[in-house]
Amino acid sequence: QVTLEESGGGSVQAGGPLRLSCAASGIIFSINDMGWYRQAPGKQRELVAVISSDGSTNYADSVKGRFTISRDNAKNTMYLQMNSLKPEDTAVYYCNADVRRFSYSSRTFSSWGQGTQVTVSS
């Protein structure tokens with residue numbers, strides 16, 4: 001079993017920063033893509049940013065230039081630095097990881113964290 005634990009959420013005023021972390025634990029051989037998603041009340045979950053194992057990144061247009069995704073493969077940890085936050089960034093943020101658990105199997109498992117609330121006030 002693989003567990004993803006997010007931390008770093010909270011309340012902030014518009015224009016301020018927050019940094020989210022996502023730590024993966026359990027039986028892990030390697031992690032392919034890792035990503036941050038968010039879900040605002042009454043809306044569907046959407047992709048915020050994704051990072052591959054080699055560090056390639058992609059961002060939603062709404063966060064480009066403001067958010068930075070990164071990872072530490074040695075620690076199986078991913079980060080999301082959020083700057084210039086806006087009220088519309090308010091949502092529950094979830095981390096996701098595509099995990100290969102065993103060296104003898106190429107099968108991967110998609111794992112999700114429990115979510116962390118980010119609230120941006122104007």
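Note that the coordinates shown come from a computational prediction; the quantities given were computed from them, not determined experimentally.
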Quick check against the 3.5 Å criterion: does [X] have a side-chain atom that pairs as donor or acceptor with the backbone of [Y]?
| X | Y | value |
| --- | --- | --- |
| N73 | S53 | yes |
| Y94 | Q39 | no |
| R100 | I28 | no |
| T68 | Q81 | no |
| E6 | C95 | yes |

Return the [atom1] to [atom2] distance between [X] and [Y], rounded to the nearest 0.5 Å.
| X | Y | atom1 | atom2 | result |
| --- | --- | --- | --- | --- |
| T108 | D98 | OG1 | CG | 3.5 Å |
| N58 | S56 | CG | OG | 8.0 Å |
| L4 | C22 | CG | SG | 4.5 Å |
| E5 | T77 | CD | OG1 | 10.5 Å |
| D33 | T57 | CG | OG1 | 11.0 Å |
| L85 | S11 | CG | OG | 11.0 Å |

At their closest point, which heavy atom of [X] faces which heavy atom of [Y], and how far apart are they?
| X | Y | answer |
| --- | --- | --- |
| L47 | A60 | O-CB, 3.4 Å |
| V92 | G115 | CG1-CA, 3.8 Å |
| M82 | L20 | CE-CG, 3.7 Å |
| D89 | R66 | OD2-NH1, 2.7 Å |
| A49 | L80 | CB-CD1, 4.4 Å |
| M34 | I31 | CG-CG2, 3.5 Å |

[Y] side chain reached by [X] side chain, heavy atoms, under 4.5 Å:
| X | Y | answer |
| --- | --- | --- |
| I69 | M78 | yes |
| Q117 | Y93 | no |
| D72 | Y79 | yes |
| S62 | R38 | yes |
| V48 | Y59 | no |

Donor + acceptor pair across side chains of S110, N96 (<3.5 Å):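 N96 and S110 do have a side-chain donor-acceptor pair below 3.5 Å.
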Checking side-chain contact (heavy atoms from CB on, under 4.5 Å) for the pair R101/V2: CA distance, chi angles, key distance, verdict? CA-CA 8 Å; R101 297 187 63 195; V2 174; 4.1 Å; yes
All pairs passing ring pair (Phe, Tyr, Trp, His ring centres under 6.0 Å) where residues 97-122 contributes a residue, at least two apart: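 Applying ring pair (Phe, Tyr, Trp, His ring centres under 6.0 Å) to every pair that reaches into residues 97-122, excluding sequence neighbours, yields Y37-W112, F102-Y104.
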Go through T90 and V118 one step at a time and tell me if the side-chain contact (heavy atoms from CB on, under 4.5 Å) criterion holds. CA-CA 5 Å; T90 295; V118 172; 5.9 Å; no
Please walk me through it: do F29 and S105 pass side-chain contact (heavy atoms from CB on, under 4.5 Å)? CA-CA 10 Å; F29 175 72; S105 174; over 6 Å; no
For Q114, is the CD atom crowded, meaning more than 12 foreign heavy atoms sit under 6.0 Å from it?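 Yes, enclosed.
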